[in-house]
Amino acid sequence: MNKRIIILTLSFLMAVLFTSCSEERVSTAFEKLLDGAINVLEFLNSDDEPEKTNAELVLQYIQEKNTDAIYDMLCKRLKKQPDISERIEETFDFIEGDVVSYETGYASGGMASTRTGKYRKAEYRNCSPIETTSGNTYQLVISYYDQNDFDRDLVGIYGITLIDNSKEKTDPNRELTIEVEI
């Protein structure tokens, strides 16, 4: 039995090295593999869609003009701003046309910790370039904390930046930013 687990685990790890699986998907599959609840070949050949990033979700909600969905993703401090609903609604008019295509990326991230065991983990995700039916191109950057033991009111999205990269604009760096002062 132990040899079988070792062989399956090694086979799984080798297969993952030669495929383009996301870290989260690999972690989940590895846990299921150890529990005997997944067949390695079935997993690697599946057409499951990876989960959307925060940036992709915000872009989707902007297109759907869904203020509540974006609001729910924000950190508590950003939610407390008196004009936050109006600021979110400004994003709906910022992008001209419907989104035709976009690429996602991981801009950067960072983690800080102390001897007391507290830490915070910030990440920045983007969608760029975003191309629309109007022919314009945009960039969307989302700043968020997965965890912040120093200020729990900052957990969630604490910054949304939309940049108009269209070459036809007189102001090629038109920008809309919603953020918490940190």
Side-chain angles (χ1 to χ4, degrees), residues 20-29 46-111 119-182:
S20 59
C21 297
S22 71
E23 183 179 329
E24 184 176 321
R25 187 170 180 221
V26 169
S27 175
T28 301
S46 72
D47 291 330
D48 291 342
E49 288 287 323
E51 286 188 36
K52 289 185 176 183
T53 66
N54 285 345
E56 289 175 295
L57 288 172
V58 169
L59 181 60
Q60 174 185 332
Y61 298 147
I62 288 171
Q63 287 291 284
E64 295 171 356
K65 299 183 184 320
N66 190 337
T67 306
D68 293 336
I70 295 173
Y71 181 85
D72 290 343
M73 297 176 73
L74 302 179
C75 69
K76 287 180 183 178
R77 282 184 48 193
L78 198 51
K79 288 177 180 179
K80 290 178 184 177
Q81 291 185 359
D83 63 343
I84 193 61
S85 293
E86 292 82 16
R87 296 284 307 180
I88 291 170
E89 290 172 8
E90 287 178 34
T91 66
F92 304 157
D93 296 327
F94 189 88
I95 296 178
E96 296 174 18
D98 294 325
V99 173
V100 176
S101 67
Y102 64 89
E103 294 181 27
T104 61
Y106 175 72
S108 64
M111 184 169 22
Y119 79 94
R120 64 177 169 236
K121 181 181 176 193
E123 292 193 21
Y124 310 93
R125 296 280 182 169
N126 68 1
C127 289
S128 177
I130 300 168
E131 297 183 10
T132 65
T133 54
S134 68
N136 295 343
T137 57
Y138 302 89
Q139 178 179 4
L140 170 66
V141 179
I142 303 299
S143 308
Y144 64 97
Y145 281 109
D146 282 329
Q147 180 172 348
N148 188 333
D149 294 331
F150 300 100
D151 187 346
R152 286 189 165 77
D153 286 350
L154 285 174
V155 174
I157 292 176
Y158 65 89
I160 299 173
T161 303
L162 274 167
I163 303 167
D164 186 345
N165 293 328
S166 303
K167 295 178 181 139
E168 298 80 29
K169 298 287 183 185
T170 55
D171 181 7
N173 294 318
R174 188 172 69 103
E175 186 174 302
L176 179 125
T177 302
I178 303 171
E179 66 185 353
V180 170
E181 292 294 324
I182 297 179

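Everything numeric in this text was worked out from a predicted model, so none of it was measured. What you see below is based on every heavy atom in this structure, not just the backbone, and it leaves out hydrogens, waters and symmetry mates.
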Q. Is any side-chain heavy atom of Glu90 closer than 4.5 Å to a side-chain heavy atom of Ile178?
A. no

Q: Determine yes or no for a side-chain-to-main-chain donor-acceptor pair under 3.5 angstrom, with Glu56 supplying the side chain and Thr104 the backbone.
A: no

Q) Take atom NZ in Lys121; do more than 12 heavy atoms of anything else shown fall under 6.0 Å from it? A) no

(Q) Keeping Thr132 on the side-chain end and Glu96 on the backbone end, is there a donor-acceptor pair under 3.5 Å? (A) yes

Q) Quick one: does Asp83's side chain have a donor or acceptor within less than 3.5 Å of a partner on Glu86's backbone? A) no

Q: Please check if the side chain of Thr137 supplies one atom and the backbone of Ile130 the other of a donor-acceptor pair under 3.5 Å.
A: no

Q: Would you name the heavy atoms of Lys79 and Leu74 that are closest together and state the gap between them?
A: CE-O, 3.1 Å

(Q) Could you report the tightest heavy-atom contact between Ile142 and Ala55, atom names first, then the distance? (A) CG1-CA, 3.5 Å

Q | Test: Arg120 cationic atom under 6.0 Å from Tyr145 six-membered ring centre, within 45° of axis | A | no

(Q) Within a 6.0 Å radius of atom CZ on Phe150, are there more than 12 heavy atoms belonging to other residues, nucleotides or ligands? (A) yes

Indicate every side-chain donor-acceptor pair of residues 65-73 with a distance under 3.5 Å to a residue at least two apart or in another chain.
from  : atom 1 : to    : atom 2 : distance (Å)
Asn66 : OD1    : Asp68 : N      : 3.4
Asn66 : OD1    : Ala69 : N      : 2.9

Q) So, does Asn126 use its side chain to make a donor-acceptor pair with the main chain of Gly105 at under 3.5 Å? A) yes

Q.
Looking at Asp98, is its backbone amide N or carbonyl O close enough to the side chain of Thr133 to form a donor-acceptor pair, meaning the two atoms are under 3.5 Å apart?
A. yes

Q.
Is there a side-chain contact between Leu59 and Ile95 in this structure, where contact means two heavy atoms from C-beta onward sitting under 4.5 Å apart?
A. yes

**Q.** side chain to side chain contact (heavy atoms under 4.5 Å, CB included) partner of Phe94, chosen from Leu162, Leu140, Ile62
**A.** Leu162

Q) Which atom pair, heavy atoms only, marks the closest approach of Glu179 to Gln81? A) O-NE2, 3.3 Å

Q. Does any non-hydrogen side-chain atom of Pro129 lie less than 4.5 Å from one of Asn165?
A. no

Q | Minimum heavy-atom distance Tyr158-Tyr124, with the two atoms named | A | OH-OH, 3.1 Å

